[in-house]
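Just below is one structure, and these are the notes that go with it.
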Amino acid sequence: MTPAELSQSLFDLVNQVSERRRDADAPVLGLTVADVVLDRPRNRDHGDWASSIALKIAKPLGASPRDIAAELAAGLEALPDVASVEVAGPGFINIRLEAAAAGALAQTIVEKADAYGTGTLYAGIKINLEFVSANPTGPIHMGGVRWAAVGDSLARVLQAEGASVTREYYFNDHGSQIDRFARSVLASYLGEPTPDDGYGGAYIGDIAATVVAQYDGDIAALPRDEQQEVFRSIGVDLMFTEIKEKLHGFGVDFDVYFHEDSLHESGAVTRAIDRLRELGHIFEADGAIWLRTTTFGDDRDRVIIRSNGEPAYISGDLGYYLDKRERGFDQNLIMLGADHHGYIGRMMAMCQAFGDEPGVNLQILIGQMVNLLKDGEPVRMSKRAGTIVTLDDLVDAVGVDAGRYSLVRSSSDSQLDIDLDLLGKHTNENPVFYVQYAHARTSAVARNAAASGVDRSAFTPELLVHDSESALLGVLQEYPRIVAQAAELREPHRIARYIEEVAGYYHRWYDNCRVIPLGEEPVTDLHRTRLWLNDATGQVIRNGLGLLGVAAPERM
RNA sequence: GCCCCCGUAGCUCAGUGGAUAGAGCAGCGGCCUUCUAAUCCGCUUGUCGUAGGUUCGAUUCCUACCGGGGGCACCA
């Protein structure tokens, strides 16, 4: 019996009880199945599943919660897979399943394999997920790396729920930051000091040297403005290529790298502005062209074409958003750092100005910043000052798996502290090893089982009665719900926390229950059935790590 | 001044209205002739920032305040 079936049964019982109890003239409760949720109690004494529904409906029915609970309990007890039901505390209903019914899950998981945990929440939905989008003015730093890890994992989670996801990187190659970058590289080449508003990192010199080596001609012979253009175009390409390669090495690949420049060149920006003008949301003032975002809740109107004729940054967003919509994306997700949260108002206003629904067609996910600490003291990261910690630094220190895992296991709402010293030393503190070790252990057990003549030729789930077994089964059952929740809330860290929990239950089970008989003891159906549970656990950990983009090693 | 995020064990952090608030790390003490000891077991620590409110029930929702971080351009 699946949790869904059990909660449907409970829902039916709730309806029966409320029909029987309510006065003829009283309003119906209007509950749906979703209101009748089953919890997996933390305390195993409270059964395999628990419901607080009696507490919720007691008042409208004018009855005591315990009386309602008792009636529901009687109905549940009659179900075939339910072993026992009790009413506890103020009116909780604690349900215990037959061991066979609970244990059947092990076989289900093994048979579903990679598909276990996937759902259909977003079946048929096209989602565009834009993340990282760091400017190509320097190596990708820790802030961007966090979104690379979280965004890629979120994409995987959404795909697991049936969505068609396009990972997209918006490449800002149009604005004045690029000019600063070009001037900085040029200055380095000429041996001049870094411009006041330029970038001063050591990588600037490297880029200058590489550009000189790659340029087919004599840069020194060019006039200064042409020199700058050479350093701009080749330098940006170099950065762009490097960023792509580094992200690839980190396991993050984008489907689309979208160039801001192309929006201006293709006329997409002009088209978007024309469209908004037709809709009556454009006005002119002080020599500039504005979008009246205040109509849609923004705290001020926004300039989209400056009085000098240059498009403001947001104009690219107008064209870009329209382009995404024309490409058929129902949901457009954009991940931004907390330093960009002020964009939400204007972006949502823009979405609404186009006639779309903010929060549905456009969703902006804000993630908090990464703080770097050294000797317990904060280190400020700045591309300008050249004090940056890059993707490479992270991977060199701890590797891809531990790096991704440490970035994705915290809520994006929390600022992340990363201690540069700890990063290099105490790698065992990373819970990823705890989880990976559990997975390696399931593989080792499976290998040894094969060598010892334990196979999966029998499956008798009613034998899985040890406390550590029902606890493990209980947590394995949660997986599909966790994936759905992570997708809905856009919070992939839930997957990490969950598999840590699975690893814990598995290790404790391993300690208590043998899959392979000791010494000369015969192989029994209990051993064979436990092998199913072992393999099921490995499968769930593997699936979970897969959603995080972290390897599931068979040996450690 | 306004907006967003955070405040939970010594540290880093989970916990989108439920029962006795959890994990990892750190500390102390136990288990290897037994499927991998990167595991497991035991001990120890909490005004869930403060004060109100809603609720049968609040770490969770609402309000105010305190503390930390970030943001409020014809920059991108």
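Just so it is clear: chains get the letters A, B, ... in the order the sequence lines come, proteins before strands, and each one is counted from 1.
As judged by a 4.0 angstrom heavy-atom cut-off over every strand, A/H174 is placed among residues making no nucleic acid contact. Among the protein residues, A/A58 comes within range of no part of the nucleic acid, since none of its heavy atoms lies under 4.0 Å from any strand. Residue A/Q485 is classed as a base contact, given a heavy-atom separation below 4.0 Å to a base.
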Every protein N/O within reach of nucleotides 18-21 of chain B N/O, cut-off under 3.5 Å:
{"residue": "B/G18", "atom": "N7", "partner": "A/S52", "partner atom": "OG", "Å": "3.3"}
{"residue": "B/A19", "atom": "N6", "partner": "A/N94", "partner atom": "OD1", "Å": "2.7"}
{"residue": "B/A19", "atom": "N1", "partner": "A/N94", "partner atom": "OD1", "Å": "3.1"}
{"residue": "B/A19", "atom": "N1", "partner": "A/N94", "partner atom": "ND2", "Å": "3.2"}

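Ring geometry, A/F171 versus A/F240: the interplanar angle falls under 30°, so the pair is classed parallel (tilted spans 30 to 60°). The aromatic rings of A/F283 and A/W290 sit parallel, their planes meeting at an angle under 30°, below the 60° perpendicular limit.
Summarising the geometry, the separation between CD on A/E478 and P on B/A14 is reported as 19 Å, rounded to the nearest angstrom. Rounded to whole angstrom, the span from the CG atom of A/D413 across to the P atom of B/U59 amounts to 20 Å. What separates CG of A/L518 from P of B/U33 is a distance of 13 Å, to the nearest Å. Going from atom CD of A/Q363 over to atom C1' of B/C4 covers 18 Å, rounded to whole Å. Protein atom CD of A/E500 is 13 Å distant from nucleotide atom P of B/U39, rounded to whole Å. The CG-P distance, from A/D286 to B/A73, rounds to 16 Å in whole Å. Whole-Å rounding puts the A/Q368 CD to B/U12 C1' distance at 17 Å. Rounding to whole angstrom units, CZ of residue A/R490 and P of B/C5 are separated by 17 Å.
For CD of A/E554, the number of neighbouring non-hydrogen atoms (other residues, nucleotides, ligands) closer than 6.0 Å is 12 at most.
Phosphate contact (OP1/OP2 of B/C4, side-chain N/O of A/H340, threshold under 4.0 Å): absent.
Using modelled atom types and a 3.5 Å distance limit, the side chains of A/Q177 and A/N172 yield no donor-acceptor pair. In this structure, a donor-acceptor pair under 3.5 Å is present between the side chains of A/Y320 and A/E168. Under the 3.5 Å distance criterion, with hydrogens and angles disregarded, a donor-acceptor pair is assigned to the side chains of A/Q539 and A/R542.
B/C13 and B/G22 make up a base pair, with Watson-Crick or G-U wobble contacts both under 3.5 Å. Remark: B/G46 base-pairs with no nucleotide; criterion is Watson-Crick or G-U wobble with both hydrogen-bond distances under 3.5 Å. Searching all strands for a Watson-Crick or G-U wobble partner of B/U63 with both distances below 3.5 Å returns B/A51. The base-pairing partner of B/C2, taking Watson-Crick or G-U wobble contacts with both distances under 3.5 Å, is B/G71.
Annotated as anti: B/C41, whose O4'-C1'-N torsion sits more than 90° from 0.
The 5' end of RNA chain B is approached more closely, in terms of each residue's nearest nucleotide, by A/W509 than by the other of A/G287 and A/W509. Where A/S410 and A/V445 each meet RNA chain B at their nearest nucleotide, the meeting point lying more 5' is that of A/S410.
Listed by chain and number, the residues in a side-chain contact (heavy atoms from CB on, under 4.5 Å) with A/D455 are A/S457, A/R528 (sequence neighbours excluded).
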